[in-house]
Number of protein chains: 2
Amino acid sequence: MDTRERLIESTRELLWERGYVGTSPKAIQQRSGAGQGSMYHHFSGKPDLALAAIDRTAKELRERAEAAFAGPGTTVERVAAYLRRERDVLKGCPVGRLTQDPDVMADPGLRRPVEETFAWLTGRIGELLEEGRAAGEFDARLDPAATATALVAVLQGGYVLARAAGDPGVFATAVEGALGLLTRSALF
Amino acid sequence: MDTRERLIESTRELLWERGYVGTSPKAIQQRSGAGQGSMYHHFSGKPDLALAAIDRTAKELRERAEAAFAGPGTTVERVAAYLRRERDVLKGCPVGRLTQDPDVMADPGLRRPVEETFAWLTGRIGELLEEGRAAGEFDARLDPAATATALVAVLQGGYVLARAAGDPGVFATAVEGALGLLTRSALF
DNA sequence: GTCTATATGGTGATAGAC
DNA sequence: GTCTATCACCATATAGAC
């Protein structure tokens with residue numbers, strides 16, 4: 001892995017662990033093993049490096065979601081597979097945590113990938129639920145878009161509650177609670 | 001409002017807006033109009049002041065929730081009233097945002113009120129749903145505790161999605177999506 | 001590409017006068 | 001109780017040699 005690559009990967013880790021405000025160029029240099037001059041040669045500064053890191057993290061989230069959605073089963077089963085996917089729960093969502101970072105939200109360039117990621121994810125799950133509704137997989141009175149938004153919110157909130165409790169099981173409980181509601185409505 | 005009080009209130013605002021890592025003693029002094037010496041006279045330092053602020057914010061959240069739960073209607077209606085309560089959506093949850101702050105989670109004293117708040121809220125909603133189930137308000141196969149966890153997660157995740165989108169409407173959509181699921185299951 | 005030197009301002013506090 | 005002085009260190013770079 002070359003220096004530029006190590007800088008991006010170290011920044012991704014630090015943004016996940018400490019957020020944008022809590023991540024200093026010095027910390028990035030130390031973790032990546034790159035020097036001051038090296039970092040400013042490859043990137044114009046902290047925002048530029050953070051953008052490269054955030055873009056990659058957002059892309060990765062999207063690819064993992066697509067992989068789960070492409071699996072076998074009914075549409076509801078594929079959505080459930082994504083919700084139940086293995087996760088580093090106590091570390092939180094590497095994209096969702098950025099919404100709490102005032103300096104990220106204040107910078108349109110840094111904010112865009114965050115906004116796009118959730119718009120895409122919610123829209124994609126909404127499409128799947130729409131298909132499921134058309135196939136008669138659950139109560140036709142449910143609004144696919146609103147239900148999709150609620151499911152993505154359960155994931156993001158599940159991270160919050162699990163971190164508060166210091167227990168990854170809380171995330172799983174939230175997901176199963178939501179799937180229980182969706183499944184009950186599937187048995188109408 | 002005396003100096004001590006202004007220090008606590010200013011810290012509450014700053015923790016909400018910028019988090020613990022993003023809030024400096026200097027910023028607190030400027031917002032409160034208190035001097036350096038004044039702040040260190042009333043509090044031993046940043047963690048001590050943050051604890052006073054977090055405790056008060058947690059207490060407030062609890063009181064507002066109790067007020068909604070004590071309203072009229074069936075238990076499901078009272079839970080719905082809490083979920084739909086007016087909120088400063090784009091500012092996020094003043095307690096939930098602290099779970100993303102590594103320095104808060106690393107300090108047991110600061111972390112305790114956060115942990116207790118969510119344990120209490122989830123447990124309280126679980127009790128209400130348990131009552132509702134006993135009263136036949138919804139599908140008896142639903143697990144009240146898991147459903148309560150999912151509902152609280154929808155709130156916390158709703159804040160995240162609304163901030164990502166820059167649109168408070170997304171929070172409302174998530175809540176209505178979740179209530180739609182709960183209501184459909186009430187019509188079993 | 002990478003290094004070291006240098007710079008301005010912020011962070012989180014302590015000391016002691018008033 | 002509040003103020004000013006002082007401090008050691010960190011944040012976020014820029015400059016220019018190698």
Side-chain angles (χ1 to χ4, degrees), chain A residues 1-56 97-98 100-111, chain B residues 1-56 97-98 100-111:
Chain A
M1 200 158 50
D2 66 8
T3 300
R4 188 191 156 83
E5 199 58 23
R6 288 203 318 278
L7 281 163
I8 295 175
E9 288 302 314
S10 297
T11 303
R12 289 200 329 135
E13 292 171 16
L14 285 164
L15 286 180
W16 198 358
E17 293 166 18
R18 305 203 35 90
Y20 184 80
V21 170
T23 296
S24 68
K26 184 174 193 172
I28 293 168
Q29 291 151 27
Q30 284 171 344
R31 184 166 303 207
S32 65
Q36 193 103 307
S38 205
M39 183 187 127
Y40 285 101
H41 170 73
H42 291 289
F43 299 95
S44 70
K46 181 176 162 175
D48 186 31
L49 182 43
L51 178 58
I54 292 171
D55 271 341
R56 183 174 298 183
R97 78 113 56 233
L98 298 171
Q100 304 299 328
D101 231 308
D103 293 0
V104 169
M105 299 315 276
D107 181 330
L110 295 180
R111 186 203 172 127
Chain B
M1 197 158 53
D2 67 8
T3 301
R4 187 191 156 82
E5 199 57 25
R6 288 203 317 278
L7 281 164
I8 295 175
E9 289 302 314
S10 297
T11 302
R12 290 201 326 135
E13 293 170 14
L14 285 163
L15 286 180
W16 197 359
E17 294 167 16
R18 305 205 32 91
Y20 184 81
V21 170
T23 296
S24 67
K26 185 173 194 172
I28 293 168
Q29 290 152 27
Q30 284 173 343
R31 183 165 305 204
S32 66
Q36 193 104 305
S38 206
M39 181 187 129
Y40 284 101
H41 169 74
H42 291 289
F43 298 95
S44 70
K46 181 176 163 176
D48 187 31
L49 181 44
L51 179 58
I54 292 172
D55 271 341
R56 183 173 296 181
R97 77 117 51 234
L98 298 170
Q100 303 299 326
D101 231 306
D103 293 0
V104 169
M105 300 314 277
D107 181 329
L110 295 180
R111 186 201 173 128

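Just the heavy atoms: all of them, side chains too, but no hydrogens, waters or symmetry mates, feed the values below. Only a predicted model underlies this, so the values are computations on that prediction, with no experimental measurement involved. In the text below, chain A, chain B and the rest are named by the order of the sequence lines, each starting its count at 1.
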Quick one: closest heavy-atom pair of [X] and [Y], and the distance?
X: Gly109(B); Y: Leu51(B); value: O-CD1, 3.5 Å
X: Leu7(A); Y: Ile28(A); value: CD2-CG2, 3.9 Å
X: Arg18(B); Y: Gly22(B); value: NE-O, 3.1 Å
X: Ala53(B); Y: Leu15(B); value: CB-CD1, 4.0 Å

Would you mind writing out the side-chain donor-acceptor pairs for residues 35-49 of chain A within the sub-3.5 Å range, not counting sequence neighbours?
from	atom 1	to	atom 2	distance (Å)
Gln36(A)	OE1	Gln29(A)	NE2	3.0
Lys46(A)	NZ	Tyr20(A)	O	2.9
Lys46(A)	NZ	Thr23(A)	O	2.8
Asp48(A)	OD2	Ser44(A)	N	3.0

In whole Å, I'd like the distance from the [atom1] atom of [X] to the [atom2] atom of [N].
X: Asp107(A); N: dT12(D); atom1: CG; atom2: P; value: 14 Å
X: Leu49(B); N: dT11(C); atom1: CG; atom2: C1'; value: 15 Å
X: Lys46(A); N: dC10(D); atom1: NZ; atom2: P; value: 16 Å
X: Asp48(B); N: dT14(C); atom1: CG; atom2: P; value: 12 Å

In Å, rounded to the nearest 0.5 Å, how long is the span from [atom1] of [X] to [atom2] of [Y]?
X: Met1(A); Y: Ser10(A); atom1: CE; atom2: OG; value: 7.0 Å
X: Asp101(A); Y: Arg97(B); atom1: CG; atom2: CZ; value: 7.5 Å
X: Thr3(A); Y: Ile8(A); atom1: OG1; atom2: CD1; value: 11.5 Å

Using a strict 4.0 Å threshold on nitrogen-to-oxygen distance, state whether Glu9(A) and Arg12(A) make a salt bridge.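 Salt bridge: yes.
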Considering only heavy atoms, which members of residues 18-28 of chain A lie under 4.0 Å from some atom of DNA chain C?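 Of all residues in residues 18-28 of chain A, none places a heavy atom under 4.0 Å from DNA chain C.
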Using a cut-off of strictly less than 4.0 Å between a heavy atom of the residue and any atom of DNA chain C, enumerate the qualifying residues of residues 7-15 of chain A by number.
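Nucleic-acid contacts, sorted: none.
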Q: Under 4.0 Å from any atom of DNA chain D, heavy atoms only: list the residues of residues 31-43 of chain A that qualify, in numerical order.
A: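 Going residue by residue through residues 31-43 of chain A, the ones with a heavy atom under 4.0 Å of DNA chain D turn out to be Gln36(A), Tyr40(A).
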Contacts of Asp107(A) meeting side-chain hydrogen bond (donor to acceptor under 3.5 Å, both in side chains) (sequence neighbours excluded), chain-then-number -> none
State whether Thr3(A) places a side-chain N or O below 4.0 Å from either non-bridging phosphate oxygen (OP1 or OP2) of dG1(C). no
Scan residues 26-43 of chain A for pairs that pass salt bridge (charged side-chain N to carboxylate O under 4.0 Å, His left out), counting only residues two or more places apart or in two chains.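 For residues 26-43 of chain A: Glu13(A)-Arg31(A), Glu17(A)-Arg31(A).
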